[in-house]
Amino acid sequence: QVQLVESGGGSVQAGGSLKLSCKASGVISSICSMGWYRQAPGKERELVSGISRFGATSYVDSVKGRFTISQGNDKSTVYLQMNNVKTDDTAVYYCAAAAWLSCTSTVTNRHNTWGQGTQVTVSS
């Protein structure tokens, strides 16, 4: 009942900037949080950043100070502003959402809905 579509991926030089967008459709009121994951070749998928519908944000240590997550007022769109990108940021980035009947502490950050992913390639 919730669908996610990412956009904004592409190639960028190290030190440059890129902004990813994720648009949610469906039962928007069921979304407790949204986040961005990434998976590089040969590596495990990791949570890069997340934001709850209440405004709480989180970042993996490797992107703190460089990436910023934000959402629209209607909570249906989430953005990831990527500044000063590094080659290690190269990965497929996935938008995710936690869509549940009730946003309890247990499920708020348990993402159960995924976008198809968008490739981000950072070159030297």
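- Looking only at side-chain heavy atoms (C-beta outward), Val48 and Met82 stay at 4.5 Å or farther from each other.
- A continuous path of hydrophobic side-chain contacts links Val78 to Val60 [ILVMFWY only; heavy atoms under 4.5 Å].
- Of all heavy-atom pairs between Ser33 and Asn109, the closest is OG-OD1, 3.6 Å.
- For the residue pair Val2 and Ser30, the shortest heavy atom distance occurs at CG2-OG, 3.7 Å.
- Considering only residues two or more places apart in sequence or on other chains, Ala14 meets the side chain to side chain contact (heavy atoms under 4.5 Å, CB included) condition with Val122.
- Looking at heavy atoms from C-beta onward, Cys95 lies out of side-chain contact with Trp114 at the 4.5 angstrom threshold.
- Side chain of Glu6 to main chain of Cys22: no donor-acceptor pair is present (N/O by atom type, distance under 3.5 Å, no hydrogens or angles).
- Side-chain atoms of Val92 and Tyr37, non-hydrogen and from C-beta on, never get closer than 4.5 Å to each other.
- Taking CZ of Arg38 as the reference point, atom OG1 of Thr118 lies at 14.0 Å (rounded to 0.5 Å).
- Residues forming a side chain to side chain contact (heavy atoms under 4.5 Å, CB included) with Ala97 (at least two apart in sequence, or on another chain): Leu4, Ile31, Met34, Thr113.
- Minimum interatomic distance between Ser21 and Trp36 (heavy atoms only, all atoms of both residues): O-CH2, 3.5 Å.
- For the side chain to side chain donor-acceptor pair (under 3.5 Å) test, residues two or more places apart in sequence or in another chain that qualify with Arg66 are Asp89.
- Residues Asp88 and Ser62 fail the side-chain proximity criterion, which asks for heavy atoms closer than 4.5 Å.
- When hydrophobic clusters are built by joining Ile, Leu, Val, Met, Phe, Trp and Tyr residues whose side-chain heavy atoms come closer than 4.5 Å, directly or via intermediates, Val85 is not grouped with Tyr94.
- Using bins of under 30°, 30° to 60° and over 60° for the plane-to-plane angle, the ring pair Tyr93/Phe67 lands in the tilted bin.
- The environment of CZ in Arg110 is sparse: at most 12 heavy-atom neighbours from other residues, nucleotides or ligands sit within 6.0 Å.
- You'll find the side chain of Leu20 reaches within 4.5 Å of the side chain of Val120, heavy atoms only.
- In this structure, OG in Ser70 is found 8.5 Å from CG in Leu80, a value given to the nearest 0.5 Å.
- Contact between Ser124 and Gln13 at its shortest, heavy atoms only, is O-OE1, 3.1 Å.
- If you take CD on Gln81 and CD1 on Ile69, they are separated by 12.0 Å, rounding to the nearest 0.5 Å.
- Counting non-hydrogen atoms of other residues, nucleotides and ligands closer than 6.0 Å to CD of Gln116 gives a total of 12 or fewer.
- For the atom pair CD (Gln39) and CD (Glu44), the distance works out to 6.0 Å, reported to the nearest 0.5 Å.
- The shortest heavy-atom contact between Ala98 and His111 is N-CD2, 3.5 Å.
- The shortest non-hydrogen separation linking Gly72 to Tyr79 is N-CE1, 4.4 Å.
- Between Val63 and Ser49, every side-chain heavy-atom pair lies at or beyond the 4.5 Å cut-off.
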